[in-house]
Peer 1: 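Can you read through this structure? Questions will come right after.
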Amino acid sequence: MSAVAAPPSRSHLWQVVEYQLYVGRRIWRSMFIVGVFTPLAYVLSLGIGLGTVVNNHGNSLGVPYLVYVAPAFLTAAALQIAAADSAYPIMAGFKWIRTFHGMAATPLTPAQICDGQLMWVALRIFANSLVYLAIMAAFGGTERWWVVLCVPIATLTAMAFAAPVAAIAATMENEGNGFNMLFRFVVTPMFLFSGTFYPVSELPEWGRWLAYISPLWHGTELARGSAIGHIGGTAVLGHLAYLLLWFVVGLGLARWRFGVRLSK
Amino acid sequence: MGCVPVVGVKRSRTQLLAWSNVVAPSPRAVADVTSRPAPDLLIEARGLTKTFGDFTAVDGIDVAVPRGEAFGFLGPNGAGKSSTMRMIACVAPITSGSLRILGMDPVSQGPQIRARLGVVPQQDTLDLELTVRENLYIYGRYFGMSRAALRPKIDDLLDFAQLTERADAKVEPLSGGMKRRLTIARSLINDPDILLLDEPTTGLDPQARHVLWDRLYRLKQQGVTLVLTTHYMDEAEQLCDRLVVMDGGRIVAEGSPQQLIAAHSTREVAELRFAPGENAAAAERIGDLLDDARERAEVLPDRVLLYVTDGEQALARAHEAGLSPISSLVRRSTLEDVFLRLTGRSLID
C-alpha cells in the first residue's frame, strides 16, 4: 500500500528544512527586519558614528574603524540570531507545538530531525550574513574581495555556538527561563569581550582568557582577517580547528539529546 | 466497501457488532496480501516490557495482530497503553521481550517500519501556523513522497476528513474535532499498513466523537488494520474486533467484545440508585435475593449494580422485598462491567 513512500535516506534532512521554509513564509517580515534593520543600525551608529570619533582621534588600527568593526558585527549578529533560533524554537518543537514528536513518527530519525533543524538555522544565517555584507559594502566598510569569506566564517561561528544551544533546548523540560540566563550572562558578554570593538590585547589578562574561550573571538579574528588581511596561516588553522571542535561536539550532544527526548 | 452496508452514526451498537463479524476483507486488502510477501501477523509481541527507572509501565505482555483486524487496548489511564503504543510505533525502545512489526525489527529497521505506519498520537502534533493542506503536504514529504503524488492524495484525504472547505484555512482556529480529523487524515498520507490510534476521541464532544467513529469505521471496512487504545468502552465496542483489557501494565483479559462480556459478566445489568449512604445496606439485602451463582451485586459510590440474567425480574424482586430505589434502569452488560469485574475499579477514575 505504501508504494509511494520512498525508502528513508539522508535527503530527509532537506524535508525538515522544507518544513521550516513553509513556517518561514509566515514570519518573513520579522526575519527581513532582523536581517536588514540590525545591520543598518550597527553600521550607521557604531561603524560610522563612533567610527568618525575614533578616526578623528588618532585611529591606530591601520584601517578605517568601519572596516575594522563591521566584520566583527557581522559575525556577532550571526551568532546571536543562530543562538536565538536554536533556543525557543527548538524547545517549542518538543514542548509546545510538538512538531518534532510528529516528525519522529515518520521515517525521519531523531538525528535527521536535529540535523535538518540546524541546517535550516545555518541557511538562514548564511542569507543574513550576505545581506549584512551587502550593507557593509554599501557604506564603504569593505576594502578587498577576501571579505566575502566573512559569510561562511560567520556561519561556522554561529553554528559552533548554536549546536550546543540546541542540545540544551532539547534537554530543558521547564518553560525555558534558563535561556534568559544564557543570553544575559553568556551571549551578551561574549559580544562585549570578544574583540568586537577593539583588539583583545587591550583587555586585562582575565578578559583576554574570556575571549580565547569564546567561539565568537575566534570567528571575529577570522572574519576580520578576511577583511583586513592581518592574520597568518597558522592562526587561521587554529581558529578554524577551535570552531570545528565546538561544532562537532555540539552537534553530537544535540543529536544525542534529540534522540533521548524523542524516544521517551 | 460495496458488499457492506455503510454504517452511519444512528445505527445501534448491537447492529455494529453484528456487522463487524461478517466483514470480509476488501478486494484491496486481499490484493495487498498477495502482492507482497507480508507476514500474517503485522504485530507480534512476546513478553513485551517497558520500564522507566523502578516503574514498570508495561509488564511482559503478549500481543498478536493479524492483517485487517481492528485491535484495541482497553484500560484506565496509567495502564500502560500509551507506552505499548509508542513501542509499536517504533518511537520508544523496548526494555525487554521481543517485538516484530510487519515482520521487521524495530531496533534495526525503525525507519523502514515507520514508513509503513500511520500514527495518531494522543496529543495532536499539528503545526497550528500552517494551513490544513500544508500540514498534510509537509507530513507527506517526511515520507519521501513527491509533490505530484501528494496533490491528488491530499484532495482525497481532505474529502475523507470532511475538511475540503477548510483546506486553506490555518489549523489554529479549527475545532477539536476538526483537528483530530486532520491528524487522522495526516496519518493516512502514506497509505499505512497499520494505523495506530492513541486515545483517538479523548476530549471531544459526543457529536465530534460519532463523526470520528464513522470515519474510522469506514477505514476498517476498507481493510485497514487498526490498533487503538481507549478508556471508553463504547469506543472499544464500536470499533474493535478483538481487544485486550490492560491494568497495571498487564493484560488481564482478551477476546472480542461479546466474548469478554459473555465470559466476565452477565447478560443484563440492573442499576439501582438509592439515597446517599444507603447503597451499601441496600446491596446487602439484594444480595440475599440473588439465587444464581453467576448473579451478584456490586456497590458503586452512587448506585448498586445487579449482574443478573433478567434485569426486569431482578428489579421486580427488589421492589417486592420492600426496597425502593430513587431511580433504576435495566441495560445490557458492557465492557465497563467487564473491566469492573476484572479489576474492581471503573475505567474512568
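The sequence lines fix the lettering, A, B, ..., with proteins before strands; numbering per chain opens at 1.
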Peer 1: For the CZ atom of B/Arg141 and the CH2 atom of A/Trp14, what is their distance to the nearest 0.5 Å?
Peer 2: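 These two atoms lie 12.5 Å from each other.
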Peer 1: Name the region of A/Leu262, side chain, backbone, both or neither, that has any atom closer than 4.5 Å to a heavy atom of chain B.
Peer 2: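 For A/Leu262, backbone heavy atoms alone lie under 4.5 Å from chain B.
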Peer 1: Do B/Glu134 and A/Arg25 meet the salt-bridge criterion of a basic N to acidic O distance under 4.0 Å?
Peer 2: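 So A/Arg25 pairs with B/Glu134 through a salt bridge.
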Peer 1: Side chain, backbone, both or neither: which part of B/Ile138 has an atom under 4.5 Å from a heavy atom of chain A?
Peer 2: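 Just its side chain gets close to chain A.
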Peer 1: Which atoms of B/Val119 are under 4.5 Å from chain A, going by heavy atoms: the side chain, the backbone, both sets, or neither?
Peer 2: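 The side chain, not the backbone.
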Peer 1: How far apart are the closest heavy atoms of B/Pro93 and A/Ser263, and which atoms are they?
Peer 2: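 It is CD-O, 3.5 Å.
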Peer 1: Hey, does B/Arg114 have a side-chain heavy atom less than 4.5 Å from the side chain of A/Thr106?
Peer 2: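 Not touching, per the 4.5 Å side-chain cut-off.
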Peer 1: Is it the backbone or the side chain of B/Thr131 that comes under 4.5 Å from a heavy atom of chain A, or both, or neither?
Peer 2: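 Both backbone and side chain of B/Thr131 come within 4.5 Å of chain A.
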Peer 1: Shortest non-hydrogen contact from A/Thr109 to B/Pro111?
Peer 2: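 Looks like CG2-CG, 3.8 Å.
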Peer 1: Does any backbone or side-chain atom of B/Leu126 lie under 4.5 Å from a heavy atom of chain A? Answer side chain, backbone, both or neither.
Peer 2: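 Contact with chain A involves the backbone of B/Leu126 alone.
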Peer 1: For B/Arg166, is the CZ atom crowded, meaning more than 12 foreign heavy atoms sit under 6.0 Å from it?
Peer 2: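 Count not over threshold, so no.
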Peer 1: Under a 3.5 Å threshold, yes or no: a donor from one side chain and an acceptor from the other, between B/Tyr139 and A/Gln15?
Peer 2: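 Result is no, nothing qualifies.
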Peer 1: Evaluate whether atom CZ of A/Phe32 has more than 12 neighbouring non-hydrogen atoms of other residues, nucleotides or ligands under 6.0 angstrom away.
Peer 2: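 Not buried by this count: 12 neighbours or fewer within 6.0 Å.
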Peer 1: Between B/Asp127 and A/Thr99, is any pair of side-chain heavy atoms under 4.5 Å apart?
Peer 2: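 In contact.
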Peer 1: Restricting to non-hydrogen atoms, name the atom on A/Gly102 and the atom on B/Thr125 that form the minimum distance, rounded to 0.1 Å.
Peer 2: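 Shortest heavy-atom contact: CA-OG1, 3.4 Å.
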Peer 1: According to the interplanar angle, ranging from 0 to 90°, do the rings of A/Tyr19 and B/Tyr142 count as parallel (below 30°), tilted (30 to 60°) or perpendicular (above 60°)?
Peer 2: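 The arrangement is perpendicular - the two ring planes meet at more than 60°.
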